[in-house]
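One structure is given below, encoded as structure tokens.
What you see below is based on every heavy atom in this structure, not just the backbone, and it leaves out hydrogens, waters and symmetry mates. Just so you know, these numbers come straight off a predicted model, no measurement behind them.
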Amino acid sequence: MKTYPKEKDFIKSHSFFTKKEWDSTLYYTARHLAQSKNIELNTYSHFMRGTAFYQKKIFKQAQSEFLAISSHFLFASVVQYKIGTSLIQQEKYKEAIPVFLAIQKDSTNLYYPYLGKELLNNLSVCYLLLKQLDKAEGYLLKYKELVEKSKDTLKLILLYNNLGTMYYEQYKDKQAIPYFIKSYHLAQKTKDLSFKKDAALNMAVVEENRNNLSKAIAYRKEYDQWKDSVNDQNKVWAVAQLEKKFAVKQKQKEVNLLTAENNTRLAERRGLLSSMTLMLLLLAGAAYFYRQKTKQNKIISEQKAILDDLNATKDKLFSIVSHDLRSSVNALKSSNSKLQKNLSTQDYSALNNQLETNSAIANGAYNLLDNLLNWALLQTQQSFFYQESAHLLSLVNQVAYNYEPIMKNKGIVFENKVSSSLFVFVDTDSFKIILRNLVDNAIKFTPENGTVKVYSQAFTEGFVTLVIEDSGTGMPEEKRQELLRPTVLLSKKGKEEGVGTGLGMQLCKSLIERNGGEFDIESEVNKGTKMIVHFRLPVVVD
């Protein structure tokens, strides 16, 4: 490519394009296109913009940029190929087929050796999704010859899956099943959880249709395992993204403060070169700036202390949560081994008990992850919060309904004595999180055939009291004081059975405080526990 020293925006955009920094590429190409009349550079700018949108998975906009490029462009065949793949991503398969066929006809273009194999694959996918299976088969078999020579594992998995699906939809099981099996075995060698999940699901469907239920169940279990792993990955990624955004914002504040300091120093240096009169004025200004600098340094120090506390909390949180998740996964693996043994011996009573155990472990892990996500949203101030007048009894009934199967399984008697005339001024979503965690704790620490009560009491003017009382194990005074302590760090994890991370209780206290409420605990060892929450009443306007 020629050099264009005067086209600064184009040079910057090309630099960011080679570094694959797509947002910066889009910004500088837009600036270039708004000012430049150079047709050649504008064509390259549209190509870079189309590629950037394509990489960011904004396919409609990518297609629009690629369509603005002339057919005489050096990379015209690549442009047409990306237009076709953009149409596939938009599920416009009929429109994509002519684009790929046109590229395929021109086998003399420079990039055909690279595109030829992928054209076969894309055409086969389009015909397969359009249910034109005869055409799909021809392209799939041609593509198969090329991919098997290259021994590309991921492409082979997708190819065998597509071949199996095509034959399966034509009820050609003898031809379809071997491809599903090949896809499954290759998926076991990859680290991609999605491939493993899809391959296991295909095998489960095959064995179900064969009426081979034991194998079908085994594949279903494997599918659920990979599905849960993918979901866990997504949740961890979501929390990591929140942490990353928070860290970037804090870093930007520090950069802004340092920039202000540098500007101040530069102003002070220039002032020293002025006249004596100006020097006197600058001395007064320097004194002012010195005070401002002291204040800014104090702010930075305070922010650093807060960041250190947050990092310590985050590190401890991840340590505790990872320990609990590992314990849950190990318990689930152990329980699944027993489940397989009971399945082989057809001990249905033990099998039912084991399934209930698995469900309890999964629910516990899910609640832990849900609390973790809500806690992260609260810490980064990204959670939606809106207080309104809400019917207290209805909210309690909604939460209690979800725990009826668990309480029934433990033989726990649940009593809801909340007054039907009471309303509270709360954010309903955070109120449900608070009540869910408190009811969950009450059930957890209540033995079989025990009692859990929820009732309301009068407190002070403008407040209503909600009590969650259980007939469980209770707690010593030092443990009660620890739970009430308003600390940023989570409570320590003990060795006794049933003690959790303390994340749920920390989340409850934070949400109660945000709703303008108060929290208290009454408990004695072996005499049960009362979790007491005071909420505001709605303001009545005359």
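- Aromatic ring pairs are classed by plane angle as parallel below 30°, tilted from 30° to 60° and perpendicular above 60°; the pair Phe10 and His32 is tilted.
- Side-chain contact between Asn416 and Leu393 is present, with heavy atoms from C-beta onward closer than 4.5 Å.
- No cation-pi contact links Lys56 to Trp22, judged by a cut-off of 6.0 Å to the six-membered ring centre and 45° from its axis.
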(message) Between Gln170 and Gln175, does the side chain to side chain donor-acceptor pair (under 3.5 Å) criterion hold? Intermediate values first, please.
(response) CA-CA 10 Å; Gln170 299 177 75; Gln175 293 173 268; over 6 Å; no
(request) Using the ring-ring contact (aromatic ring centres under 6.0 Å, His included) rule, take Phe16 and Tyr27 through it: C-alpha gap first, then chi angles, then the decisive distance, then the call. (result) CA-CA 10 Å; Phe16 286 119; Tyr27 174 78; 9.1 Å; no
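- More than 12 heavy atoms of other residues, nucleotides or ligands shown are found within 6.0 angstrom of NZ on Lys410.
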(message) Show, in sequence, the C-alpha distance, side-chain angles and deciding distance for Tyr28 and Ser15, and conclude whether the side chain to side chain donor-acceptor pair (under 3.5 Å) test is met.
(response) CA-CA 10 Å; Tyr28 284 105; Ser15 174; over 6 Å; no
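- The shortest distance between side-chain heavy atoms of Lys92 and Lys60 does not fall below 4.5 Å.
- More than 12 non-hydrogen atoms from other residues, nucleotides or ligands lie less than 6.0 angstrom from NZ of Lys221.
- In plain terms, the two heavy atoms of Gly472 and Pro447 that are nearest each other are CA-CD, 3.7 Å.
- A 4.5 Å side-chain heavy-atom check between Ile103 and Tyr81 finds at least one atom pair inside the cut-off.
- Within the 4.5 Å cutoff, side-chain heavy atoms of Arg436 are placed close to those of Ile433.
- Glu404 places no side-chain N or O within 3.5 Å of a backbone atom of Ala400 that could act as its donor or acceptor partner.
- Sorted by first and then second residue, the salt bridge (Lys or Arg N to Asp or Glu O under 4.0 Å) pairs involving residues 197-209 (not counting sequence neighbours) are Glu207-Arg210, Glu208-Arg220.
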(request) Could you walk me through whether Leu128 and Tyr139 pass side chain to side chain contact (heavy atoms under 4.5 Å, CB included), step by step? (result) CA-CA 10 Å; Leu128 187 62; Tyr139 286 108; over 6 Å; no
(request) Please test Asp173 against Tyr168 for side chain to side chain contact (heavy atoms under 4.5 Å, CB included), starting from the C-alpha separation and ending with a verdict. (result) CA-CA 6 Å; Asp173 293 7; Tyr168 215 70; 3.9 Å; yes
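- Proximity of a side-chain donor or acceptor of Ser24 to a complementary backbone N or O of Glu21 within less than 3.5 Å is not detected.
- Note that Lys182 lies in the cation-pi zone of Tyr160, set by a 6.0 Å cut-off to the ring centre and a 45° limit from the axis.
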(message) One pair to check against side chain to side chain contact (heavy atoms under 4.5 Å, CB included): Leu159 and Leu163. What are the steps and the verdict?
(response) CA-CA 6 Å; Leu159 168 65; Leu163 282 166; 4.0 Å; yes
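- Rounded to the nearest 0.5 Å, atoms CZ (Phe100) and CD (Gln80) are 10.0 Å apart.
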(message) Checking Thr165 against Phe180 for the side chain to side chain contact (heavy atoms under 4.5 Å, CB included) test, could you report, in this order, the C-alpha distance in whole Å, the side-chain angles of both residues, the deciding distance, and whether it holds?
(response) CA-CA 8 Å; Thr165 301; Phe180 283 135; 4.0 Å; yes
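- Contact check on Lys155 versus Glu118 returns a salt bridge, with a Lys/Arg side-chain nitrogen under 4.0 Å from an Asp/Glu carboxylate oxygen.
- The structure places CG of Leu154 at 12.5 Å from NZ of Lys189, a figure rounded to the nearest 0.5 Å.
- Ring centroid separation for the pair Tyr403 and Phe414 does not come in under the 6.0 Å cut-off.
- Under the 4.5 Å side-chain criterion, counting only non-hydrogen atoms from C-beta, Tyr93 is in contact with Ile88.
- When atom types are taken as modelled, the side chain of Ser183 and the backbone of Ala199 share no donor-acceptor pair closer than 3.5 angstrom.
- Annotation: the span from Leu156 atom CG to His185 atom NE2 amounts to 14.5 Å, rounded to 0.5 Å.
- The CG atom of Leu186 sits 10.5 Å away from the CZ atom of Phe195 when rounded to the nearest 0.5 Å.
- Side chain of Lys196 to main chain of Thr190: a donor-acceptor pair is present (N/O by atom type, distance under 3.5 Å, no hydrogens or angles).
- Using a 4.5 Å heavy-atom threshold, the side chains of Ser77 and Val79 count as separate.
- For an aromatic pair to be called close, the ring centres must be under 6.0 Å apart, and Phe59 with Tyr54 satisfies this.
- How far NZ of Lys94 is from SG of Cys126: 12.0 Å, rounded to the nearest 0.5 Å.
- With contacts defined as side-chain heavy-atom distances shorter than 4.5 Å, the pair Ile181/Val206 does not qualify.
- When all heavy atoms are compared, the tightest approach of Ala96 to Gly84 is CB-O, 3.7 Å.
- The minimum heavy-atom distance between Ala176 and Tyr167, with the atom names listed, is CB-CB, 3.6 Å.
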(request) Run the numbers on Glu137 and Tyr127 for side chain to side chain donor-acceptor pair (under 3.5 Å), then give the verdict. (result) CA-CA 9 Å; Glu137 182 178 11; Tyr127 284 123; over 6 Å; no
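- Across Ser45 and Thr29, no two heavy atoms sit closer than the pair O-CG2, 4.1 Å.
- Using a distance-only test at 3.5 Å, with no hydrogens or angles considered, no donor-acceptor pair links the side chain of Gln89 to the main chain of Thr85.
- Nearest approach of Ser13 to Met48, heavy atoms of both residues: OG-CE, 3.5 Å.
- Looking at heavy atoms from C-beta onward, Thr451 lies out of side-chain contact with Asp470 at the 4.5 angstrom threshold.
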(request) For side chain to side chain donor-acceptor pair (under 3.5 Å), just list the numbers for Lys432 and Gln398, CA-CA rounded to whole Å, side-chain angles, deciding distance to a tenth of an Å, and then say yes or no. (result) CA-CA 8 Å; Lys432 290 177 183 178; Gln398 289 176 32; 2.8 Å; yes
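- Under a cut-off of 6.0 angstrom, the local environment of CD in Glu415 is crowded, with over 12 non-hydrogen atoms contributed by other residues, nucleotides or ligands.
- Taking the six-membered ring for Trp and thresholds of 30 and 60 degrees, Phe75 and Tyr44 have ring planes more than 60 degrees apart, a perpendicular arrangement.
- Remark: side-chain polar atoms of Glu222 are not paired, donor with acceptor, to backbone N or O of Ala218 under 3.5 angstrom.
- The structure places CG of Leu120 at 7.0 Å from NZ of Lys142, a figure rounded to the nearest 0.5 Å.
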